[in-house]
Amino acid sequence: MVASSNIKTPMMSVPVLNTKKAFKRAKTLRKQLTRVCLAEVLQKVDVVETLRIESYQKLRSFKVTFHFLPPKRYRDDKLLTPHQILRYMETRFFRLLLEAIKKRTAKLASIAVETRKTTSRDKDLDGPGTAGLDDGEAEGEQETVDDQGEEGDADASDAKRKSKQEEEVDYESEDEDEGVDAGDDQGDEEAEENSQLNTVEESQPEFTEVSVDTRKKRAKPGKGEDSSVHMRVNSVLLSNPAIQKYSFDQQEELWCEVELNLPVSSVHFDLTSVLSTLAQNAVIMETRGLTRCLLSETTTKSGEKQTVLNTEGINMHEIFKYSDILDINKLYSNEVHAMASTYGIEVALKVIEKEIKDVFAVYGIEVDPRHLSVVADYMCFEGIYKPLNRHAIMSNSSPLQQMTFETSYKFLKQATMLGSHDQLASPSACLVVGKVVRGGTGLFELKQPLQ
C-alpha cells in the first residue's frame, strides 16, 4: 500500500460495442496498439567479418545481412508491412547500432588490464633480497607461494604479500630467460607506454572518414534504375562515415545488407551479441504507454457475452479517440493515480476497494466491504491518493494516532519537541487514554428515568 505511480503491471480494460462493425475494427485496433520489436520480425542475421588495409590503415569490415520474416507470418498479429521495417532500419536502426558499438567498445576499453615488462629499475626497488634469485630459486619460491596459496589463508595482508612475491618471481624469471639489458628495457618501456596511449585513443571507434564525393559516385543511379531507390541508399551512406555500402531487396523488401568499416583496436567486441541485444529493444512501432493488446470474451452479470479489449500499459487519452467502437463509460484501469487524475478521487476510492478485494479473492477469502471502504477512505479522504504507511500518516493531526501506527518513539519525540496537542477525536487516540470511541454505540447516550 505504497501508492506508487509506477506500478509493475498496469492494465486497462474497455468493452467493445456490440456491433459487427465495431468488432471488426477492434481487431484492427488491437494490432495497431500492440508494440512491435525488431526481434519479432527478424528471421536471421548473417555477420561476416574481415580484416583489410585501406590507405595504410587497418580496418575491421563487417558485412551484416538482415533477413526478415515474410508478411504472412505476422500479418494476423501485427499491423506492419515490409516497407515499414526497411524504413525503420534505414532511418533509425543503423544509427542505434553504431552508437551501441561505440558504447560497447568504450566500456571494454575502460576495464582492459594494463601490462608492461619489468625493468632493472623495478629490480632496484624490490631490494637486494630478491634481485639475485636464479632460476632454481625462482622455481622454489614459486612452489612455496603456490603451496601457501592452496592452504586458503584468509588474512588479507598475507594474501597481498604472497601475490606481490609471485609477481616478483615471475618478473625476474622472465628477465633472466630473455637476457635483456637495462637500456633495451627502458626503450621497451617507453614503446609500451606509447602503444598504450595509442590503444586508448584507438579504442574509441572514431569511424573512418569516406569522402562524400566517392559515395555519390558509387551510389549514382544508372539509366534504368529507380531514382527513389538510390535516394534511400544515399541517405543511409551519408548518415554515418562508417557505413560503406548498403543494399536491400527491391522486389519483396525481405532483406537488407549493410557494410561497416571500423578501425582495428586492441579491444575486441562481439558484433553478434550487440545485434542480439539491440534487436530485442529496438521498437519499430508502438503506442506510447502500451505494450500489448488482447481481445477476450467475458460474460456479464445478465448472462450476455461481451468482447473486452485488454491492454498491457496505460494510455487513456489514446483509447478515448475510439469512442465509436469502444464503450468508454466502462473503461477500467488498476492504476489508481491515472483513474484519480482522469475521473476524480471518488473513482480512485472504488478502484482501491476492487483491487484489494481481488487480491483476497484469489485465495478464497471474503472481506467485509465495510473494512475495505475504511481503508480506501483513509487513503483518499485528503483529496489525493496517499499511501497507507508511516510516511503518509505524518500529515495526520493526531500525535497519539501516529504513535499507534509505527515508530512510536519517533512520533513521541517529535510531538514532545513541538508541543503538539491531541483533540482525542480519532478512535486510536481514544483507545490510548481509555475514552469511549465516538462510533457505533458511542455516538449517543442512553438515559433511563429512575422512577
Side-chain angles (χ1 to χ4, degrees), residues 37-39 41-68 82-109 201-222 225-265 267-284:
C37 296
L38 180 62
V41 296
L42 199 60
Q43 186 173 16
K44 66 174 181 177
V45 180
D46 297 329
V47 180
V48 179
E49 180 180 358
T50 57
L51 295 175
R52 67 180 187 179
I53 300 177
E54 184 177 302
S55 301
Y56 303 100
Q57 187 178 10
K58 296 179 181 179
L59 301 174
R60 293 176 65 188
S61 179
F62 296 94
K63 182 182 289 186
V64 186
T65 306
F66 298 89
H67 299 272
F68 306 106
H83 180 72
Q84 290 177 313
I85 299 174
L86 276 184
R87 293 297 294 176
Y88 173 78
M89 300 291 293
E90 296 166 0
T91 58
R92 182 158 179 81
F93 182 77
F94 294 145
R95 181 169 60 85
L96 295 176
L97 176 60
L98 293 171
E99 291 177 357
I101 292 174
K102 186 175 181 179
K103 291 180 181 179
R104 178 66 64 88
T105 307
K107 182 178 180 181
L108 294 176
E201 294 177 355
E202 292 177 358
S203 63
Q204 301 296 331
E206 297 178 357
F207 305 124
T208 56
E209 296 290 340
V210 180
S211 63
V212 177
D213 296 337
T214 305
R215 290 187 189 168
K216 288 184 178 179
K217 290 180 181 180
R218 182 168 59 239
K220 186 176 180 180
E225 295 176 336
D226 189 5
S227 60
S228 63
V229 172
H230 291 276
M231 288 178 62
R232 292 171 58 178
V233 174
N234 280 332
S235 65
V236 175
L237 295 178
L238 295 173
S239 63
N240 196 290
I243 302 177
Q244 298 298 304
K245 188 177 180 181
Y246 174 69
S247 60
F248 62 93
D249 184 7
Q250 301 181 19
Q251 282 74 28
E252 299 181 354
E253 297 184 320
L254 293 180
W255 60 267
C256 66
E257 184 177 276
V258 64
E259 185 175 335
L260 308 175
N261 280 354
L262 305 178
V264 176
S265 63
V267 178
H268 179 77
F269 65 91
D270 185 11
L271 184 60
T272 56
S273 64
V274 176
L275 286 170
S276 177
T277 304
L278 189 59
Q280 296 288 340
N281 300 323
V283 179
I284 300 177

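Quick caveat, the model's predicted, so the values are computed rather than measured.
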dist Leu97:CG -> Lys102:NZ (nearest 0.5 Å) comes out at 14.0 Å
Side chains of Val233 and Phe248: closer than 4.5 Å at any heavy-atom pair? yes
Residues passing the side chain to side chain contact (heavy atoms under 4.5 Å, CB included) test with Thr65, sequence neighbours excluded, are Asp46, His67, Glu257
Under-4.0 Å salt bridge between Arg95 and Glu99
yes
With Glu54 as partner, the option from Gln57, Lys58, Arg52 fulfilling side-chain contact (heavy atoms from CB on, under 4.5 Å) is Arg52
Pairwise side-chain contact, Ile85 with Phe93, heavy-atom cut-off 4.5 Å (strictly under):
no
When every non-hydrogen atom of Leu59 is compared with those of Pro263, the smallest separation belongs to CD2-CA, 4.2 Å
Value for CD (Glu90) from OG (Ser235), rounded to nearest 0.5 Å, stands at 6.0 Å
message = For Val267, is there any backbone N or O sitting under 3.5 Å from a side-chain donor or acceptor partner on Ser265?
response = yes
Would you call Leu271 and Glu49 a side-chain contact if the rule is heavy atoms closer than 4.5 Å?
-> no
Do Val274 and Asp270 make a side-chain contact, defined as non-hydrogen atoms from C-beta onward lying under 4.5 Å apart? no
Is there a side-chain contact between Arg60 and Asn261 in this structure, where contact means two heavy atoms from C-beta onward sitting under 4.5 Å apart?
no
Here the gap from Leu38 atom CG to Phe68 atom CZ, rounded to the nearest 0.5 Å, amounts to 6.0 Å
NZ (Lys63) and OG1 (Thr50) are apart, to the nearest 0.5 Å, by 8.0 Å
In this structure, CZ of Arg104 is separated from OG1 of Thr277 (nearest 0.5 Å) by 6.0 Å
What I'd like to find out is whether the side chain of Glu259 reaches to under 4.5 Å of the side chain of Ser61, using heavy atoms alone. yes
CG (Leu260) and CD (Gln244) are apart, to the nearest 0.5 Å, by 8.5 Å
For Ile243 and Ser239, the nearest pair of non-hydrogen atoms, with its separation, is CD1-OG, 3.7 Å
According to the interplanar angle, ranging from 0 to 90°, do the rings of Phe94 and Phe66 count as parallel (below 30°), tilted (30 to 60°) or perpendicular (above 60°)? tilted
- Message: In the structure I gave you, are the side-chain heavy atoms of Gln43 and Leu254 within less than 4.5 Å of one another anywhere?
- Response: no
Contacts of Glu253 meeting salt bridge (Lys or Arg N to Asp or Glu O under 4.0 Å) (sequence neighbours excluded), chain-then-number -> Arg232
What I'd like to find out is whether the side chain of Phe269 reaches to under 4.5 Å of the side chain of Leu262, using heavy atoms alone.
yes
Query raised in the report: So, the side chain of Ser276 versus the backbone of Thr272: is there a donor-acceptor pair under 3.5 Å, distance only?
Result: no
Closest non-hydrogen contact found for Cys37 with Ala279 is CB-O, 4.2 Å
